[in-house]
Amino acid sequence: MAVNDSVDPATWLAKQIETQDPDLLRSMVKTMAEALMSAEADSRCGAGYGERSSERTNSRNGYRTRDWDTRAGTVALAIPKLRQGSYFPDWLLERRRRAEQALISVVATSYLLGVSTRRVDELVEQLGIAGISKSQVSQMAKTLDAQVEAFRTRTLDAGPYTFVWLDALTQKVREGGRIINVHVLVATAVNAGGQREILGLEVSSREDGAGWLSFLRGLVARGLSGVHLVISDAHAGLVDAIGACLPGASWQRCRIHYLRNLLTCVPKSAQPWVATLVRTIFDQDTAQAVLAQHQWVIDALAAKYPAAADHLEVSREDLLAFAAFPKDIWKQI
């Protein structure tokens, strides 16, 4: 299951991080903002912090704190002070929304595939900051890379993770002078606190069984446990990997992707009607009503579209796995 190609990967992932892991996003925005201010202050001083240089024109004199309200929450920034004159980042005042958007964009990009010095340099230019050297840009990239890697390899200790969603994001990257497509495997779950959490993210050259098997084994090794239900599409190899790595967990087939597959069994003119029929299955109030409606839809399709009826019949257990759980959480599943 892949995110629509028309969706910008950085924007999509930034939204996932913002809504599911606000502490992560807030921490990474703080790291990047403070690294930018430190680099700009060094530029004003004519030398790096603590560096002896004949070109130095000023020096640091501690920090002052200032709260910065963002979509990820309030970030307490440590703003460098200078011994002579004053320093305050203009971009923090005049371009607040623009600065926040740029920072979130680069954080999402770095979280997705690592951050490049060129990408950080573009961010700096967007904020109107000049005079930062390539070595400073490189250091900022390394700092953020380390934070990203620590998150990606952290111990999963907020379990049990009752519900897990598996998805793949297609992304273009440059490799060996060529632009190629890679698949970014993403796992999201509900933790013991009832909050959604991004468990892991891994880049794979192919979205196949081997890739998913390796990804899931890595999650289990890091502490993924207590899974009752996994939601995904029926991609080749993915379901087998789920069974091998998460024994005892039920599998719910993604209804959106299933419906797209089902509609290929009927003429285009009939697709709106068939789609409406299938959606009524998920609008029922009890598990018994869900099963009864599923059978009713099969019977309604059988006479005119037997292939669609057979398709729906075969998919019964996988499509209706959600009905075994309390009605209150069906919508979330």
Query raised in the report: Looking only at atom types and distance, does a side-chain atom of Thr276 sit under 3.5 Å from a main-chain N or O of Pro272, one as donor and one as acceptor?
Result: yes

Query raised in the report: Do Val203 and His183 come close enough that some side-chain heavy atom pair is under 4.5 Å?
Result: no

Requested in this report: Check the hydrophobic clustering (I, L, V, M, F, W, Y; side-chain heavy atoms under 4.5 Å; chains of links allowed) and say if Trp251 and Leu213 are grouped together.
Outcome: no

Query raised in the report: With a cut-off of under 6.0 Å to the ring centre and 45° to the axis, is Arg44 in cation-pi contact with Tyr87?
Result: no

Report task. Apply side chain to side chain contact (heavy atoms under 4.5 Å, CB included) to Asp285 and Lys327, showing your working. Result -> CA-CA 7 Å; Asp285 294 329; Lys327 173 67 169 61; 4.2 Å; yes

Query - Side chain Thr264, main chain Asn261, donor-acceptor under 3.5 Å - result: yes

Query raised in the report: Between CG of Leu259 and CZ of Arg253, what distance do you get to the nearest 0.5 Å?
Result: 10.5 Å

Report task. For residues Ile198 and Phe151, report the shortest heavy-atom separation together with the two atoms involved. Result -> O-CZ, 3.6 Å

Query raised in the report: In Å and rounded to the nearest 0.5 Å, what is the CG to CG distance from Leu216 to Leu238?
Result: 7.0 Å

**Report entry** Check: Asp233 and Tyr258 side chains under 4.5 Å, non-hydrogen atoms
**Finding:** no

Report task. Might you point out which heavy atoms bring Ala192 and Gly159 nearest each other, and give the distance in Å? Result -> CB-O, 3.2 Å

Report summary line: SG of Cys245 to CZ of Phe215, rounded to nearest 0.5 Å, is 11.0 Å

For residues 291-309, run the donor-acceptor check on the side chains, cut-off 3.5 Å, and write out each pair with its distance to 0.1 Å, sequence neighbours left out.
from	atom 1	to	atom 2	distance (Å)
Gln293	NE2	Thr280	OG1	2.9
His294	ND1	Arg316	NH1	3.4
His294	NE2	Leu312	O	3.2
Gln295	OE1	Arg316	NH2	2.9
Gln295	NE2	Asp299	OD1	3.1

Query - Test item: Arg56 side-chain N/O and Asn58 main-chain N/O as donor-acceptor pair under 3.5 Å - result: yes

**Report entry** Any Thr65 side-chain heavy atom under 4.5 Å of Leu77 side chain
**Finding:** no

Requested in this report: For side chain to side chain contact (heavy atoms under 4.5 Å, CB included), just list the numbers for Thr162 and Val227, CA-CA rounded to whole Å, side-chain angles, deciding distance to a tenth of an Å, and then say yes or no.
Outcome: CA-CA 4 Å; Thr162 308; Val227 180; over 6 Å; no

Report summary line: When every non-hydrogen atom of Val75 is compared with those of Lys30, the smallest separation belongs to CG1-CB, 3.5 Å

Requested in this report: Apply side chain to side chain contact (heavy atoms under 4.5 Å, CB included) to the pair Ser232 and His257, showing each step before the final yes or no.
Outcome: CA-CA 9 Å; Ser232 75; His257 285 74; over 6 Å; no

Query raised in the report: How far apart are the closest heavy atoms of Ala158 and Asn191, and which atoms are they?
Result: O-CB, 3.2 Å

Query raised in the report: Charged N to carboxylate O below 4.0 Å: is that the case for Arg154 and Glu197?
Result: yes

Let me have the donor-acceptor pairs involving side chains of residues 79-86, under 3.5 Å, with sequence neighbours excluded, atom names and distances please.
from	atom 1	to	atom 2	distance (Å)
Arg83	NE	Arg60	O	3.4
Arg83	NH1	Asn61	OD1	3.4

Query raised in the report: Do the side chains of Arg222 and Thr155 get nearer than 4.5 Å, heavy atoms only?
Result: no

Query raised in the report: Should Leu201 and Leu169 be marked as a side chain to side chain contact (heavy atoms under 4.5 Å, CB included) after you check the CA-CA gap, both sets of side-chain angles, and the distance that decides it?
Result: CA-CA 10 Å; Leu201 180 148; Leu169 172 69; over 6 Å; no

Query raised in the report: Which heavy atom in Ser204 sits nearest to a heavy atom in Gly211, and how many Å separate them?
Result: OG-CA, 4.2 Å

Query - Pairwise distance OG1(Thr188) to CG(Leu199) - rounded to 0.5 angstrom - result: 7.0 Å

**Report entry** Heavy-atom side-chain proximity of Ile231 to Val164 below 4.5 angstrom
**Finding:** no

**Report entry** Separation of Gln171 CD from Asn181 CG (nearest 0.5 Å)
**Finding:** 9.0 Å

Query raised in the report: Would you say the side chain of Val190 lies within less than 4.5 Å of the side chain of Trp165, judging by non-hydrogen atoms?
Result: yes

Query raised in the report: Do the side chains of Val266 and His311 get nearer than 4.5 Å, heavy atoms only?
Result: no

Query raised in the report: If you round to the nearest 0.5 Å, how far is CG of Leu166 from CG of Leu185?
Result: 9.0 Å

Report task. Could you check if a side-chain atom of Lys331 sits within less than 4.5 angstrom of a side-chain atom of Phe322, using non-hydrogen atoms only? Result -> no

**Report entry** Closest heavy-atom pair and its distance - Ala78, Met37
**Finding:** O-CE, 3.7 Å

Query raised in the report: Between Trp330 and Phe325, is there a donor-acceptor pair closer than 3.5 Å when you use the side chain of the first and the backbone of the second?
Result: yes

